[in-house]
Each structure stands twice: as C-alpha cells, then as structure tokens.
Amino acid sequence: MRHWPPLAAGLQGKTTHVIADPAHPIYLDYAATTPVDPRVARAMAAALEQSWANAASGHMLGRRARQTIEQARQQVAVCVGADADEIVFTSGATEAVNTAIAGVARAGLARGQAHVVTTLIEHQATLAICAQLEREGVRVTRLAPDSDGLLPPQRLLDALREETCLVSLTHVNGEIGTVIDLPRLAAACAERGVPLHVDAAQSAGKLPIDLRQLPVDLLSLSAHKLYGPKGAGALYVRKRPTRVLLQPLVFGGGQEGRVRGGTLATHQIVGLATALTLACEERESEQTRLAQLRDELWQRLHLLGGVHLNGHPTQRVGGHLSVSIEGVEGESLLLALESLALSRGAACSALTGEPSYVLRALGRDDFLAASTLRITMGRPTTGEEVRFAAEHIHAQVTRLRGLSPAVVGEG
C-alpha cells in the first residue's frame, strides 16, 4: 500500500483570510482566458464612442477611425519589434494561426513545395489546420518533444526537407507552461531558409519578443490572454527581405494588405493594442511576482508526495503550474475543488474528456494525465489566494486518497 504523507506540517495550523465558495470561486485559469483590464475597457469604450465609423470610408469620420487603427497597429508593432505595416489584425489567434499555416502551405502546394513541420503538443488551432491541409495534399511532420516539452534543435533540423515550406511552433505551451528555445530553433530554420511561424498567444506580454533580432517570419497574437477582449488578435508577417508567400484565408474588400478581408473592428483592435502595451510595460515586475507565487504553490503541493511537475522545471513562464497527482481520479478531484476555478488542461480540449495529448506526448500514462491540474495565476492573483488554493488542494487530495479503493483495499 502506498502511504501518502499527512497534511504537511508547514501548512498545519495556518489559515488564510480568503473566503471562497462554489458561487464565487478563486479564479486560477488565466491560461484559458483573462478578465478585461479596466484600462483596456475604457480605451475600447472611447473607440466605440469616437471612432465608430468604417475605417475604409474616405470622409472625415472614416479617416478618424483609420487613424485610431493605425495608432493601434503602431503600438502592437513596437511591442514585438516589428514595423507597423507587418501587423495584420485578425479575429484572434486561431484565425492568425490558420492564416499563417494554411496561407503558406497552400501557396507552397501551388508550386510543389508542400511540407509543414510542427510538434505533437501544439495548440488545437495548429493541429486542426495541419490535419485539414493533409487532406488537401500537404505533407505534415509532427515531431515529439522531450520529456520536458522542449524540442531539441537537431531534431528539428533532421526533419527539414527540400520541399519544407513552413515550420510552426508554439513559444509557450498553454498546457504545461514550458518555454521553447526560440532563438536556437529560429536560427535552425533560418540556416535552412525555411520560414518559421510562432504561436505567441501565451507568450506575448509575458516574455520579451523582438522580431528585429529573431529570424521569425510569422507570429500570432491573441488579446484575451493579455487582459484584452475575446475576438481580437493579430498576425505578424515579415516583409524583409521578401514578404512570405501567403494565400489569404478570408477574402473581402482588400483590407489588411489583402492578407485578410473584412471591415475592421476598431474597438477590438484598440483593446488588443492597449492590452499588449500594458502587458509589455508591466512585464518584468509582473512575471517576477507570478513566478514567486507559482514557486510557492509548487513547494506547498510537492509536500503532498506523489505530485509530478509537468514541463521544464525552470524554462517556463511565470504563473503557470501543471501537476499530475498520484492516488486520485482527475474528475473527482476537480469536482472536489469547487471553490477553485481551474482546469485539467487546455480549455479547448476540456470537453472531450480524453487524457491530455500534450501530457501523453511527454510520457505521462493515461491515469496521471487525467489526474492533472493546470493552475495558472494572473494579474489579480494574491498570495493569500495561492495559499488558500494549496490548503484546499491538500485537504481534498488527502480525503480522496483515503477513499481510494486501491489504497483502502490494500490496508
């Protein structure tokens, strides 16, 4: 029988002043989405009131809306080290990812160069469009990461072929928080002359991104991971030395440099630009604070015994913790933690009920993959909330382990 340790001495007798209940759970799912920062909401409200006209119109009100959009475009460009005319606004990171991957792959297919390289642990937006492209005749190679969720550069180099038209990688994995070695991987692609797309939905505003230094050709952004609105994103498309060959995904009136059609949502674009600017301005202090909270939570949960950290122990974004817990059933644990709003993995995969494909790719068995908590902290998270979460998880895991038939039966 596995003897689980009692409630850790470091936690006994210590309570927090946090009051949480199922009707008002503590939110610890910031990798899924973030609340809109009040400063962002105010900027969006001003745009709705003052810049509501169609930015494609030639009259004064249209020009005002266009000026608002171009100012936002410049803000986004500054935050990622790009030129303003390299930023294409989209409805979110999913559209940006689809535009980047499908746009390049379909252009490659037309000229007989249709091979895409990605990994097994990408976001569903990448995996789904790659599966669709395979049905269209594009060859796709999905590389396995190492046990920490990192991709060795040599493994990437070995996968590249003469007909490879694109590599697509996620900067920060939204499920395990691991940060890939982007400079080395980007250099490997540049060495072979293969365009690189980076999904930066989980990294923008949290990690420094300077596209003047990084040889990245396409990069996807999302507003709602940055305390901005849902339904807003952007795609960076490098223009020098030559613009990447990219077929449009959305056709319309030729807006956004003919990369993406449709009337621009000025207030959404302002929300993205404001959120990204604030995140970049506050990045260093906020990421330091969140990393400290993450490390404190990990130290407290580790005292339970039988708790496994998913992803690289140090090469990870602040505020992100994924742990697999032995001796408990995942769904039962989530139901028991009703005072905490957290998840087992990526929100887009939560409805399938299947063990995480990301964790299985890292070598976790199905039971451990299903018994996983993804705990992600954000701008409003306090130390008291983290300590309450640790105590609550401790108590419920201890209770469920005591009820486990496998453990009781062996006693």
Side-chain angles (χ1 to χ4, degrees), residues 55 69-70 72-108 116 118 122-126 128-130 132-133 165-172 174 182 186 189 195-205 209-212 214-226 228-240 242-266 268-273 275-277 280:
I69 288 170
E70 293 312 313
R73 196 187 308 276
Q74 182 63 38
Q75 286 180 265
V76 172
V78 167
C79 288
V80 296
D83 291 338
D85 59 356
E86 295 176 311
I87 303 300
V88 176
F89 290 118
T90 68
S91 64
T94 293
E95 184 192 332
V97 167
N98 275 257
T99 299
I101 299 175
V104 172
R106 286 169 179 159
V116 173
T118 187
E122 299 299 302
H123 188 274
Q124 286 283 5
T126 294
I129 189 58
C130 284
Q132 172 58 35
L133 289 169
C165 61
L166 184 70
V167 171
S168 184
L169 302 173
T170 297
H171 194 186
V172 170
L182 184 55
C189 292
L196 171 64
H197 165 250
V198 173
D199 178 352
Q202 294 283 359
S203 63
I209 297 174
D210 188 352
L211 295 168
R212 290 166 298 210
L214 281 171
V216 170
D217 301 278
L218 302 130
L219 183 131
S220 299
L221 301 169
S222 172
H224 80 98
K225 309 291 188 182
L226 295 163
K230 298 172 184 64
L235 175 65
Y236 159 80
V237 184
R238 183 179 291 278
K239 67 177 182 181
R240 292 188 298 239
T242 57
R243 184 178 286 272
V244 179
L245 281 175
L246 192 70
Q247 285 191 3
L249 190 69
V250 178
F251 294 86
Q255 297 92 340
E256 295 303 273
R258 300 190 183 278
V259 174
R260 194 257 190 188
T263 301
L264 295 173
T266 307
Q268 295 289 91
I269 289 169
V270 167
L272 165 65
L276 181 58
T277 299
C280 290

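Pairing each heavy atom of A204 with each of I209, the nearest pair is CA-CD1, 3.9 Å. What you find for G81 and D210 is that their closest heavy atoms are CA-OD1, 3.7 Å. Nearest approach of A72 to F89, heavy atoms of both residues: C-CZ, 4.1 Å. L276 approaches G205 most closely through the heavy-atom pair CD1-N, 4.1 Å. Annotation for G252 and Q255: closest pair C-OE1, 4.2 Å, computed over non-hydrogen atoms. Minimum interatomic distance between L235 and A96 (heavy atoms only, all atoms of both residues): CD1-O, 3.8 Å.
For the pair V116 and C165, the minimum side-chain heavy-atom distance is below 4.5 Å. Within the 4.5 Å cutoff, side-chain heavy atoms of R106 are placed close to those of L133. When side chains are defined from C-beta on, H197 counts as touching I101, because their heavy atoms get closer than 4.5 Å. In this structure the side chain of D85 reaches within 4.5 angstrom of the side chain of K239, judged on heavy atoms. Side-chain contact between P248 and V259 is absent, with no heavy-atom pair separated by less than 4.5 Å. Side-chain contact between L218 and L166 is present, with heavy atoms from C-beta onward closer than 4.5 Å. With a 4.5 Å cut-off on side-chain heavy atoms, E256 and T90 do not count as touching.
In terms of modelled atom types and a separation under 3.5 Å, the side chain of Q202 and the main chain of K225 share no donor-acceptor contact. Side-chain atoms of R238 come within 3.5 Å of backbone atoms of V216 as a donor-acceptor pair (strictly under, hydrogens ignored). In terms of modelled atom types and a separation under 3.5 Å, the side chain of Q268 and the main chain of G233 share no donor-acceptor contact. Here the side chain of E86 pairs no donor or acceptor atom with the backbone of Y236 at under 3.5 angstrom.
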Quiz item: Would D83 and R240 count as a side-chain contact (heavy atoms from CB on, under 4.5 Å) if you check the C-alpha gap in whole Å, the side-chain angles of each, and the deciding distance to 0.1 Å?
Solution: CA-CA 10 Å; D83 291 338; R240 292 188 298 239; 3.1 Å; yes
Exercise. Evaluate side-chain contact (heavy atoms from CB on, under 4.5 Å) for V88 paired with T99, printing each intermediate quantity in order.
Key: CA-CA 10 Å; V88 176; T99 299; over 6 Å; no
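Partner of S168 under the side chain to side chain contact (heavy atoms under 4.5 Å, CB included) criterion, out of T126, D199, V198, L196: T126 alone.
Here CD1 of I87 is found 9.5 Å from CD of Q74. Values are rounded to the nearest 0.5 Å. Going from atom OG1 of T94 over to atom CD of Q124 covers 10.0 Å, rounded to the nearest 0.5 Å. One distance of note links OG1 of T277 with CG of L226; it measures 10.0 Å at 0.5 Å rounding. Summarising the geometry, atom CG belonging to L249 is positioned 6.5 Å from atom CD belonging to E95; distances are rounded to the nearest 0.5 Å.
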